[in-house]
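First comes the structure, then the notes that go with it.
Computed from a prediction, not measured in an experiment: that's the story for all the values here.
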Amino acid sequence: PFTVRLYPSATDKVASLVLGGSFSSVVNQVVTFKIFAKDQFYNDQMYNAYDGADDFAVLLESGTLSYSFSASVVNNADGTYTVSYTTTRSSDYKMYATLRGELMSTWTGVVVAPEVVNTDACLIDASGLRSHDAGEVGSVLVHARDVYGNSVYGGLEAFNISINRPNGEQSHIGVARHCDSACVLSGACPCSELTMGVYGAHVSMTKAGKYQLLVDQNGIFLPGVPIDMSISASYVTTEKSTVDGCETVCDSHILACSTSSDICPPCSCPSLKSIQAGRSVTLTIRSRDRFGNAVSHGGKVFKVALTRPISQGAAGCYLSEGCASTLILFSLKDNDDGSYAAVLDGEALSVPGSYLLSVTRQDAQVYGSPFSFEVTPGRAASGDDSSEYTVTELATVGIHSTFTIFARDKFGNQLTTGDERFVVSMTGASLSILGMTSSGSVEDDGDGTYFANFKVERAGTYILTVKLDGGIISPGTTTVSASL
């Protein structure tokens, strides 16, 4: 008899079998499975050293990454082949098995998952926060990544967002949510439009200054922090702009007015409370944004005006009531740094009394405006229509003669306070007393009037003179005749 041994025919791609467990894995994890080579009749293939191994190949391809790699195929010399692969790039792969270049099988959804989040590998995108205006909403995005740089998309991470403020204080402002940039900008976090591994948070600062943004996970700071942030003042808001020296003094006044139905009186600011007639006035207006931050650029037009207040029930302010001018405008200088100098020449401020000081822009009042503004008489002056006295031109030898001096400023306004230095002197004019001099005395009544007196010891004609700071006051020199 003859012994006949039947060998398998050529390996067949349809009959050959791939066996293995789950193909899903984690990056850097080795996945292994076997290919059982069979012929078209499903006979197990035998290894033939002469013909060599079958040309099996396994390829994994990621459409999202535009990346592919080949698995290792090892001939076990028993008709089976061990296939193994590993990668550090996380994705959903499609796996192809081929024999002699012809497709055997295809597997979809071959998942290679990322490892856990590695803080040192995470990325922060805060480009929109580095420089923006107060009140503007910016976003910080945190890309959660593993040690290989793969996005970790579980959505379970907690990234803490903190701010170092200009005064050195640190404030925790929230936790970044698992959202994409579109969600962050919409203000509807958390949302359904998730991007794998991206966490986002809104950041909005209302006080101008230099800040630092901090991002940490479990107390470990992410790379690139702190991130410097420069917050600038926003656009000018008239109602928040201020007059230097009056920034906070009107707070309680404005609060009281806001809760009362009565007519609100003007705010009284100490730096504007009382100004002497004839003295130039300079105010500094500080333009500010809606949060009270000082704006650092100019170009705005403010209007500063003094008006005489109209008494309740009156139709206007009239000359008969002491109103010289119902509107006095300041000149305005733009300092090009957000501040404006409002100047009123002293000559325009000549009539004492109560005024309203209004500081406006586009018909809106700055903070605290209108202010009460009191104009008092200026310093006593000796010119025409200024300080004056009245005296009787007859005197009696050895007897005190008295008269009154009225202190007035250069505009003729009667002073209501004292402390001026008037000097009274008598000079002999008739031949028998020619050149003889004597001084009178002056008592300050404290109300702008002065009680003066003189006494002569010899009969004759005298010249009476009253001086203030070396200048002769009105009506000038007066001839006084003294008799026994």
Side-chain angles (χ1 to χ4, degrees), residues 273-282 306 319 322-325 328 331 343-355 373-397 399-482:
K273 191 171 183 180
S274 182
I275 304 294
Q276 286 187 325
R279 179 170 293 182
S280 296
V281 180
T282 300
L306 279 179
L319 290 174
C323 292
S325 174
I328 305 173
S331 61
V343 181
L344 180 63
D345 185 85
E347 296 301 316
L349 205 58
S350 61
V351 181
S354 297
Y355 290 79
F373 191 88
E374 193 73 22
V375 178
T376 61
R379 294 295 306 273
S382 59
D384 295 339
D385 299 323
S386 299
S387 298
E388 61 179 357
Y389 67 94
T390 57
V391 66
T392 301
E393 296 179 353
L394 298 176
T396 301
V397 174
I399 303 297
H400 284 279
S401 297
T402 63
F403 62 96
T404 301
I405 301 172
F406 298 92
R408 299 183 187 276
D409 64 16
K410 65 180 181 179
F411 303 108
N413 300 308
Q414 173 69 49
L415 271 66
T416 57
T417 58
D419 205 30
E420 302 294 343
R421 298 288 183 264
F422 290 97
V423 177
V424 177
S425 63
M426 302 288 290
T427 302
S430 54
L431 190 60
S432 60
I433 56 173
L434 186 65
M436 294 181 58
T437 60
S438 63
S439 299
S441 62
V442 179
E443 295 181 9
D444 188 346
D445 293 334
D447 61 357
T449 62
Y450 296 78
F451 179 77
N453 73 85
F454 63 89
K455 183 176 70 171
V456 295
E457 302 296 338
R458 296 179 62 178
T461 301
Y462 291 85
I463 302 299
L464 172 67
T465 304
V466 181
K467 291 183 177 181
L468 174 66
D469 297 330
I472 300 174
I473 71 171
S474 181
T477 59
T478 301
T479 301
V480 178
S481 296

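- Of all non-hydrogen atoms in H400 and N453, the two that sit nearest each other are ND1-OD1, 3.0 Å.
- With respect to F411, the side-chain contact (heavy atoms from CB on, under 4.5 Å) criterion is satisfied by exactly one of S350, P377, S386: S350.
- How far CD of E420 is from OG1 of T449: 12.0 Å, rounded to the nearest 0.5 Å.
- Judged by distance alone, the side chain of D409 and the main-chain N or O of G378 form a donor-acceptor pair under 3.5 Å.
- Y355 and F373 have perpendicular rings, their planes meeting at more than 60° on a 0 to 90° scale where under 30° would count as parallel.
- E374 and S354 form a side-chain donor-acceptor contact under 3.5 Å, judged by distance and modelled atom types alone.
- Around atom CG of D385, no more than 12 heavy atoms belonging to other residues, nucleotides or ligands sit under 6.0 Å away.
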- Evaluate the salt bridge (Lys or Arg N to Asp or Glu O under 4.0 Å) criterion for residues R421 and D419: first the C-alpha distance (whole Å), next the side-chain angles of each, then the deciding distance (0.1 Å), finally the verdict. CA-CA 7 Å; R421 298 288 183 264; D419 205 30; 3.5 Å; yes
- Check the pair Q414, F406 against side chain to side chain contact (heavy atoms under 4.5 Å, CB included), reporting the backbone distance first and the verdict last. CA-CA 7 Å; Q414 173 69 49; F406 298 92; 3.6 Å; yes
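- Side-chain polar atoms of D447 and T416 form no donor-acceptor pair below 3.5 angstrom.
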- Assess whether salt bridge (Lys or Arg N to Asp or Glu O under 4.0 Å) is satisfied between E347 and K410, documenting all intermediate values. CA-CA 10 Å; E347 296 301 316; K410 65 180 181 179; 2.6 Å; yes
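- The heavy-atom pair separating A395 from V480 by the smallest distance is CB-CG1, 3.8 Å.
- Residues T465 and T477 approach most closely at OG1-CG2, 3.5 Å, considering heavy atoms.
- Nearest heavy atoms, T478 versus P475: OG1-CG, 4.4 Å.
- Judged purely by distance below 3.5 Å, without hydrogens or angles, the side chains of Y462 and S430 never pair a donor atom with an acceptor atom.
- Across A429 and I463, no two heavy atoms sit closer than the pair CB-CG1, 4.0 Å.
- Screening V424, T404, V442 against Y450 for a side-chain contact (heavy atoms from CB on, under 4.5 Å) leaves a single residue, V442.
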